[in-house]
Structures are given as C-alpha cells and as structure tokens.
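Everything numeric here is computed off the predicted structure, so don't read it as measured data.
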Amino acid sequence: MICLSPVLIGVAVGVKLTSDGPVIFRQRRYGLDGRQIMVYKFRSMTVTEDGASSYTQVTRSDSRVTPFGAFIRRTSLDELPQLLNVLEGTMSLVGPRPHAIAVNEHYRSLIPSYMLRHKVKPGITGWAQVNGFRGGDDLRTMTKRIEFDLDYLKNWSIWFDLRIILRTCSVIWSDRDAY
C-alpha cells in the first residue's frame, strides 16, 4: 500500500476533481461462505447503485461513467481500494470476483452450483477475468464465468494464483472489454 500510495492519491484526486460525490464507492457483496462484505472501489460513475435490490451492468459508452472513470475502469485502477479489503481479510488477491447482491440473487437459481464460488474468499482478480469473462451479465457469459470460478476452486494452488496474477498484469494493458 505504501508503494502504491502515489497512485492511490493521484486517482483519488482525479476522481474528486472530475466529478461530484465521494471518492470511494462502497457496495455490499457476498464473500466467503455467502456472508455480506463491503467492497471498496474508486468511484467511476455519476450514479451509484447499492447493488442490493437492483443492478444495471455497465456497458460500453455508458453515460453514467465519467470520462476519468472510463480511464480508471479501463486500466483497473478503480479496483485498487480493494487492497483494503485484502488487508481487512474479507477478500484475497486472487479468487472468484464478488458480484453485487442483486446479481447473486438473480443467478443463484439459474446456474447450478453458482453459490459454490463462495467457498473461498473473493478476489480482486480471478481465473474467469483473465480468460475474457470480465463484465457482462447475460446468462451465457455468467455461466462461463462460474465455470471458470469452479475450475479455480478445483485446481487451486499457490502456483495457479501466481499464474493468474501474471496474466492479470498482461490483460490490464490489452483488455478491449474493459469499460
């Protein structure tokens, strides 16, 4: 965190100077064993939903995303406050990405074994994300994301986590689906 503090401060100032509202966006999501956790992100949108009762997936050219927000989303800088989640023990660096509560409630009955992903701490990055399943909330995409999450659970090792972290670094700079 100390090494990243110049970046964290720079992004925080950028969010504050380019839009009204809080710098940090907080949203309840499900974590380990399906318990609710508070997930932190830099705010990248003008409108913030709590994600508990409804959730609208961000789309390309979404009018809710601020210009600076588009930059921090594309570069995944908006995710850096989740390092606080890691420090407090509610998240891990690698694991299934946590979904908004409304998303969980919608898909848990549509996708077999959906809730098994909560048998480990959620992660800032995950196997699904480095394999192209970042974002999107249609049934096909979500089913593939869950398949990758379950594959991660079955094959977990420290080496697998390191591989995902390395792939995350390369995906951040080349991901055309980040918006």
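Donor-acceptor pairing under 3.5 Å is lacking for the side chains of Arg108 and His99. Judged by distance alone, the side chains of Trp127 and Asp149 never bring a donor and an acceptor atom under 3.5 Å apart. Side-chain atoms of His106 and Tyr114 form no donor-acceptor pair, as typed in the model, at a separation below 3.5 Å. A donor-acceptor contact under 3.5 angstrom links the side chains of Ser76 and Arg134, judged on distance only.
Tested against Arg29 for a side chain to side chain contact (heavy atoms under 4.5 Å, CB included), the candidates Val103, Val39, Asn85 yield a single pass: Val39.
Within the 4.5 Å cutoff, the side chain of Val130 has heavy atoms near those of the Thr125 side chain. Annotation: side chain of Thr18 is not in contact with side chain of Pro67 (no heavy-atom distance under 4.5 Å). For the pair Thr90 and Lys121, the minimum side-chain heavy-atom distance is 4.5 Å or more. Within the 4.5 Å cutoff, the side chain of Leu87 has no heavy atoms near those of the Leu83 side chain. Taking 4.5 Å as the limit, every side-chain heavy atom of Val120 sits out of range of all side-chain heavy atoms of Ser92.
Crowding of Asp20 atom CG: a count of heavy atoms from other residues, nucleotides or ligands under 6.0 Å not exceeding 12.
Under the 30°/60° scheme for interplanar angles, the aromatic rings of His118 and Tyr30 are found to stand perpendicular.
Salt-bridge annotation for Glu79 and Arg97: present, with a side-chain N of the basic residue lying under 4.0 Å from a carboxylate O of the acidic one.
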Side chain to side chain contact (heavy atoms under 4.5 Å, CB included) evaluation trace for Gln129 with Thr168: CA-CA 8 Å; Gln129 286 65 41; Thr168 297; over 6 Å; no
Test side chain to side chain donor-acceptor pair (under 3.5 Å) applied to Arg73 and Ser44, step by step: CA-CA 7 Å; Arg73 291 177 72 87; Ser44 61; 3.1 Å; yes
